[in-house]
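Both ligands and their constituent atoms are indexed starting at 1 by order of listing. FYI, the numbering just counts along the sequence from 1.
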Amino acid sequence: MPEITFAKPVLPEDGVLVAPVGETLEFSPLGAALNEALENGLKRALEAADFTGKAGGSATLLAPGGYKRVLVLGAGKPGAPRGAEALGGAIAAALAKEEAVSVLADGMSAEEAAALALGLRLRAYRFEKYRTTLKDDEKAKLAKVVVLSHAPKEAAAAYERLSAVAKGVELTRDLVTEPANVLFPAEFAARCEKLKKLGVKVEVLGQKELDELGFGALLAVSQGSAREPRMVVMQWLGDPAHEDKKAKKPKAPLAFIGKGVCFDSGGISIKPAAGMEDMKWDMAGAGAVTGLMAAIAGRKAKLDVVGLIGLVENMPSGTATRPGDVVTSYSGQTVEILNTDAEGRLVLADVLHYANTRFEPRLMVDLATLTGAIIVGLGHEYAGLFANDDELAGQLAKAGEAVGEKLWRMPLVKKGESYDKELNSPIADVKNIGGGRAGGSITAAQFLRRFVGETKWAHLDIAGVAWGAKDGAVTPKGATGFGVRLLDEFVKGYEG
Ligand code: BES
Ligand code: MN
Ligand code: ZN
C-alpha cells in the first residue's frame with residue numbers, strides 16, 4: 001500500500017505529477033505554475049488531445065520539461081459526489097507502476113484532498129500473499145504519494161479519520177479473499193481476536209457452548225463439516241456514559257450481525273461444480289461486520305456497537321443434515337430443513353435471536369450473501385434492503401448513497417401474509433425455503449423476520465455486491481468490502 005502524505009502547494013521540479021482539471025478547463029494555481037514552467041506546454045497538450053475535463057477522461061504528457069510524466073485527469077463538474085474519491089482511484093489504477101507521484105490537489109478543499117487519498121488507497125488494495133512467483137514488472141510499485149494541498153494539516157487530519165475506515169475495508173477484503181482451507185471458523189475467530197488491541201471486547205463461543213445454548217439451526221448447518229463452528233461476539237463500548245460517574249446509563253447498543261459461511265458447498269443439497277469456488281466468500285457478511293468493528297474502534301466512535309457473527313462451514317458428509325430434518329432453533333421455533341443449501345438463514349436465525357435477547361439493541365442490521373435470487377433481481381449495482389421499519393430503511397439507503405454502496409428496498413410483509421405464508425411447514429413451525437424459486441430473496445428475508453421479534457431490524461442481501469468481477473472506481477476486482485463504509489456512515493448518524 002502506498003504511503004500517502006500531504007504537503008504545502010509547492011511545485012515539484014521533477015518526477016511524476018498528477019493534475020486534476022475539471023470541465024471549466026481552469027488550472028489550479030499549481031497547474032498554472034506547471035503550465036508556465038512548461039512554457040504553455042500543458043495547455044497546448046490538452047488542446048491537442050481534445051481533453052474535455054469530463055470525469056473519467058485523461059491525457060498523458062511524457063517527459064515534458066524536467067518531469068518524467070504528467071497525468072492530467074478529468075475532474076468533471078465541481079462538487080460531483082465522490083468525484084475526488086474516484087480521482088484517487090484513477091490515480092492508483094493508472095500509475096501503479098510508478099514509484100512516487102505528486103498530486104496537484106491545491107484546487108480542492110481539504111476534505112476533497114483527503115477523499116482523493118482514500119480513493120487512491122482503496123483502489124491500490126492488493127492481495128498477493130500467495131503469489132510467490134510474481135515478476136518485478138507485474139508488481140505494483142507505487143510506494144509514495146504526496147498530495148499537495150493549500151491546507152495540508154486539515155487534509156492530513158481528515159485522512160487520518162478516513163484511514164480507520166479504510167483499514168476496516170482492507171480487513172474485510174482480506175477475510176473475504178482468503179480461501180476456505182485457510183479461513184475456516186476457528187481461524188476467522190482468531191483473526192477477530194486481534195481486534196482486542198483496538199479496544200474491542202471479543203468473545204468466542206465454540207461447539208460446546210453453542211450446543212449448550214441450543215443453537216440447533218446454526219449447528220444443523222455445521223454438523224456435516226470436519227471444522228467446528230464458532231460464534232464471535234464483538235463489543236465496542238464507546239458511549240461516554242460508561243465513564244460518567246453520575247451513573248447516566250449508556251444507550252442500548254446498535255447490533256450488526258453477519259452470515260459467516262466460510263464455505264458453502266450446499267451440503268447434501270449440493271451445488272453444481274461450476275462456480276462453487278465462489279462460495280469461499282459466503283462469509284462476506286461476517287467479514288463486513290468484523291471490518292466495521294475495526295473501523296469504529298479505530299476512530300473511537302462515541303456509542304456502543306455490538307457485532308455478532310455466526311461462523312460455519314456447510315459440507316455434505318455422513319453427519320450432515322438431510323433434507324427433511326427438523327431442528328429446534330435457539331428461539332425455540334422448530335425448523336423443517338428442506339434444502340440444506342438455504343443455510344445462511346439458519347445461521348442468522350440463531351445469531352439474530354441471541355443478539356436480540358442478550359443485548360436488547362436499539363436496532364439490528366444483518367448482512368448476508370443470502371440468495372442468488374438477489375443477483376437475478378438487482379445485479380451487481382445495488383444490494384437488497386429489507387426492513388421492518390421505514391425510518392431505519394431510509395437511514396441505511398441514505399448512508400449507502402453517501403458512500404457509493406447503494407441499497408434498493410425490497411418488500412417485506414407481516415407474519416401470516418403472502419410471502420410469509422410460503423414458509424409454513426406441515427411438520428414444524430417454519431420451513432427454510434419458500435414455495436418455489438419466485439421471490440427467493442424475499443422469502444429468505446421473511447424467514448429471518450420470524451426470528452427478530454419487534455426490534456427494529458434491517459437485512460442487507462449482499463450476494464451481488466460482495467465480490468466484483470471487474471474493477472470499480474475504488475474497488476479493484478475481487479472482494480469489495482461492501483458494507484463497512486456504508487455502516488460506518490450509518491453509525492455516525494447515531495453518534496453525539
Ligand atoms: N450462499 C448462497 C447464495 C449465493 C449465491 C451467494 C450466489 C452468492 C452468490 C446461499 O446459501 C444459497 O445457496 N441460496 C440458495 C437458496 C435456495 C436453496 C432457496 C440460492 O440462492 O439458490
Ligand atoms: Mn447455500
Ligand atoms: Zn450460502
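Distances from ligand 1 to the non-hydrogen atoms of Ile375 include at least one value under 4.0 Å. By the 4.0 Å heavy-atom criterion, Thr369 is counted among the residues contacting ligand 1. Within the 4.0 Å heavy-atom cutoff, Met279 counts among the residues contacting ligand 1. Ligand 1 has at least one atom lying under 4.0 Å from a heavy atom of Leu370. Look at Trp467 and you'll find every heavy atom at least 4.0 Å from all atoms of ligand 1.
Taking a 6.0 Å sphere around OH of Tyr125, one finds it holds more than 12 heavy atoms contributed by other residues, nucleotides or ligands. Environment of NZ in Lys406: crowded, with over 12 heavy atoms of neighbouring residues, nucleotides or ligands closer than 6.0 Å. Counting non-hydrogen atoms of other residues, nucleotides and ligands closer than 6.0 Å to CD of Glu360 gives a total of 12 or fewer. Counted within 6.0 Å of NZ on Lys197, heavy atoms from surrounding residues, nucleotides or ligands total 12 or fewer; the atom is thus considered open. Within 6.0 Å of atom NZ in Lys477, 12 or fewer heavy atoms from other residues, nucleotides or ligands are found, so the atom counts as exposed in its surroundings. Within 6.0 Å of the CD atom in Glu454, the count of heavy atoms belonging to other residues, nucleotides or ligands does not exceed 12.
Heavy-atom proximity to Ala463, at under 4.0 Å, picks out these atoms of ligand 1: 6 (C), 8 (C). Here is the list of ligand 1 atoms found below 4.0 Å of a heavy atom in Trp281: 8 (C), 9 (C). For ligand 1, the atoms lying closer than 4.0 Å to a non-hydrogen atom of Asp264 are 1 (N), 2 (C), 10 (C), 11 (O), 13 (O). The Ile433 neighbourhood of ligand 1 comprises atoms 19 (C), with distances under 4.0 Å to a heavy atom of that residue.
When you scan the N, O or S atoms of Glu343 for the one nearest the Mn ion (ligand 2), you land on OE1. For Asp264, the N, O or S atom closest to the Mn ion (ligand 2) goes by the atom name OD2.
Asp325 contributes atom CG, which lies 9.5 Å from atom OG1 of Thr340 (distance to the nearest 0.5 angstrom). Atom CH2 of Trp236 is separated from atom CD1 of Ile296 by 7.5 Å, given to the nearest 0.5 angstrom.
Of the polar atoms of Asn339, none of the N or O atoms is found under 3.5 Å from an N or O of ligand 1, judged by distance alone. In terms of N/O distances under 3.5 Å, ligand 1 is not approached by Thr371.
Here the side chains of Asp304 and Lys251 are not in contact, with every heavy-atom distance at 4.5 Å or above. The shortest distance between side-chain heavy atoms of Glu203 and Gln235 falls below 4.5 Å. Looking only at side-chain heavy atoms (C-beta outward), Arg358 and Leu308 stay at 4.5 Å or farther from each other. In this structure the side chain of Asp488 reaches within 4.5 angstrom of the side chain of Arg299, judged on heavy atoms. The shortest side-chain heavy-atom distance between Glu401 and Lys398 does not fall under the 4.5 Å cut-off.
Of the candidates Glu343, Arg345, Lys259, Arg345 brings a heavy atom nearest to atom 16 (C) of ligand 1.
Contact annotation for Asp341 and ligand 1: heavy atoms of both the backbone and the side chain come within less than 4.0 Å of the ligand.
Taking a cut-off of 2.8 Å, the protein N, O or S atoms nearer than that to the Zn ion (ligand 3) are Lys259 NZ, Asp264 OD2, Asp282 OD2, Glu343 OE2.
Gly372 N, 2.7 Å is the protein heavy atom nearest to atom 21 (O) of ligand 1.
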* To do: Check the pair Asn314, Ser265 against side chain to side chain donor-acceptor pair (under 3.5 Å), reporting the backbone distance first and the verdict last.
  => CA-CA 6 Å; Asn314 188 22; Ser265 70; 5.2 Å; no

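Residue Asp341: an N/O/S atom is found under 2.8 Å from the Mn ion (ligand 2).
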